[in-house]
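Numbering starts at 1 and runs along the sequence shown. Atom set for the values below is all heavy atoms of this structure, side chains included, hydrogens, waters and symmetry mates excluded. What you see is a predicted model, and the numbers here were worked out from it, not measured in a lab.
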Amino acid sequence: MLEELYRIGKLLLQSKGINVEQFIDKAKLSKTKKVICITLKLSNEKIEYYGIEIEDYSDDWAIRYLYRPGTSNGSDITPSSIITDPKKTFENKILRWITDNKNEDNFLENIYNIFSEIKENIINDIIEKYKSLKEEEKKNTLLTIKFKKDNEDKYLNDFQIFQQILEESSRKRYHNLKSMGESKGVGICYLCGENKEVYGFVLPSFGFSFSTADKKGFVGGFSQENRWKEIPICRDCAMILETGKKFSDQNLSFKFYNSNYYLIPSIILSEKESEILKKFLDRVNENKGKEYHNGLVADEDYLSDYVSRMDSNVLKLIFMFYAKKGGGKYIEILKVVENVLPSQFNRILKTQHKVQSKYNEDFVKKIFGKNSEGEFVKFNFQNFKKNEFDTNYNNWYIRFGQHFFGSNKEFLGYVSKILSNQYIDKQYILSFFVKTIKEKFRNNNDYEFKIRVTESLMIYEFLIELDLIGGENMENNENMIKIGNIEIEKFIEEREKAFPNIQAKASFLVGALVNYLLWIQRDQRKLDFGDEPFRSRLYGLNLDEKKLKKIFREAVNKLNNEYKKYTTLENDAANYLFDAGEGWTLSKDEISYYFSLGLVMGSVYLKEKIER
């Protein structure tokens, strides 16, 4: 990961060279809409307080303010700070910075004198201007110093003293941090391989230190002063690495549910490495802000489309999922997925479309009612709160998956295996499906029960089509008895790999028969979902072979003695149970899952219910 960021930084600096812009932090201002300026008037080497002005923020003007965050308890690297509280930000950030640096230059000392004399006036003016902003404009508002000279606006970047302090302070942080002390020595640089002075705080200096769940740090095992022995990086390489990291923050970092991730290109050994990487980075720069439709996140359609056409022998991708900690000062790495092939983007997209086409509007109307509209993915997405997730219709496997994996670790594991085309154990994923489905069933929530069952089957089919579910021994279907209900037979045939043996089909058919019985009880007794008497005979969906067969017998008896029989479905289930024999190989979760599928999907094709 560090090597890839280093290559990006090296290429960028080769074309642009090192300048003060490399030291500012644009990414931290991505949500900034307004800038409040403490404006000073310059005339004949005299400085006067002019007032407080508000201006719009633009990423193109970020260089003006030279913003780079410092420590949470101290000032930032320059007198530009994000407002938390107007009074405290001025006193603890802006005024403190001027106080700490007033002896560096007469110009700064004069500013200090003005701020000290009329401190309360300035604070009151800042508060008044801040209150005048709309609520949505207040978030991430920047407070800075601005100058007027000969009717022309001047900013921090127009003065060498601010640039100088920014660069010197930024470089000093590679080896000296107030919270950690000093860490430098002589050794082999991790990135360039040369023997020279190396530093220990390079990564935390620009917010790229790592943490574990219980403590901040890198790998562990070294005292703070000996951190340089852990990941030794020289001054030149530190600058290159920081450049690559900041470019990635601005262009290759995306939101993902409760975390974020970097998407980093990894060029495989090639004589044209620089050329390939340059084309990739140029593509990123050309398409900033474009909408995303076909890949993993909401800004990256152009990138997904581009990399999917790249040669997998030349380019691979690294996904690094992370969470910001310590107010964004460092990150916790949640998951790193390496060697993702560009071609996998297309496979994922096409497979989603293929599976999605089976769950059309006709299917939705039969499951959720004739007034329901749209194919299942769009029908389901309308139930989500706005901005609840960062994915779209072409990422339904991600959104649906979030409902079944309780922890972020399990969820990211699921996503990473799909991205990297790795095998997923069938029993493992079915256990998550069944756990959620049982919960909805026990809560008597008919709608959510149907939603989760449908989501799970779509995910299961999706993984099967990607060849990520293995270990199935498909039975020879040539001599297998046909199901009397043509539509149910068709439904199962379209999902042949999802129903690999006669035991799975038998479980499904018993579920379909029970669904019919439950509907009859609701209809004739005017009951709500969950109040059906036979529901208590289903063991809370904790099923095995013995329980399933008992449920079948009891359901048939109920229908024969008290209600309207469904002869075709009864015969189908009986024949499959007979052919399945004794001593089933299906696990309890598998039996419970296929039975649940029958409880929902079987109702699509029950003739009497549709006619009623």
Under a 4.0 Å N-O cut-off, is there an ion pair linking [X] with [Y]?
X    : Y    : value
E439 : K435 : no
K28  : D25  : yes
D56  : K33  : no
E242 : K10  : no
K354 : E465 : yes
K426 : E590 : yes
R495 : E461 : yes
E375 : K378 : no
E455 : R452 : yes

Validation row, ring centre F321 to ring centre Y261 under 6.0 Å: yes
Ring centroid separation F462 to W396 under 6.0 Å: yes
Do [X] and [Y] touch side chain to side chain, with heavy atoms closer than 4.5 Å?
X    : Y    : result
Y65  : L142 : yes
T141 : E137 : no
E373 : F379 : no
L66  : S80  : no
S205 : S170 : no
Y67  : V35  : no
L156 : P79  : yes
I8   : I240 : no

Over 12 non-hydrogen atoms of neighbours within 6.0 angstrom of NZ in K26: yes
Pair R68-L166, side-chain contact (heavy atoms from CB on, under 4.5 Å): steps then yes or no: CA-CA 8 Å; R68 182 182 179 119; L166 170 63; 4.0 Å; yes
Residues that Y414 engages under ring-ring contact (aromatic ring centres under 6.0 Å, His included), provided they are two or more places apart: F405
Using distance alone, with no hydrogens and no angle criterion, decide if [X] and [Y] have a side-chain donor and acceptor under 3.5 Å apart.
X    : Y    : answer
Q344 : R347 : yes
E410 : Y428 : no
N176 : E182 : yes
S587 : Q427 : yes
E225 : S183 : no
D589 : S431 : no
N140 : Y57  : no
Y322 : S253 : yes

To the nearest 0.5 angstrom, please state how far the [atom1] atom of [X] sits from the [atom2] atom of [Y].
X    : Y    : atom1 : atom2 : result
Q402 : Y397 : CD    : OH    : 13.0 Å
I437 : K450 : CD1   : NZ    : 14.0 Å
I36  : I83  : CD1   : CD1   : 4.0 Å
F254 : S259 : CZ    : OG    : 13.5 Å
K245 : Q250 : NZ    : CD    : 10.0 Å

Does the plane of the ring in [X] sit parallel, tilted or perpendicular to the ring in [Y]? Use 30° and 60° as the thresholds.
X    : Y    : result
Y447 : F368 : perpendicular
F206 : Y174 : perpendicular
H403 : F400 : parallel
Y593 : Y460 : perpendicular

Distance under 6.0 Å and angle within 45° of ring axis: K138 vs Y130: yes
Worked check of side-chain contact (heavy atoms from CB on, under 4.5 Å) between K184 and Y199: CA-CA 4 Å; K184 63 180 179 180; Y199 305 137; 3.6 Å; yes
Derivation and outcome, side-chain contact (heavy atoms from CB on, under 4.5 Å), residues E332 and L334: CA-CA 6 Å; E332 177 183 356; L334 304 174; 4.1 Å; yes
Trace of the side-chain contact (heavy atoms from CB on, under 4.5 Å) decision for I165 with T78: CA-CA 8 Å; I165 291 176; T78 64; 5.9 Å; no
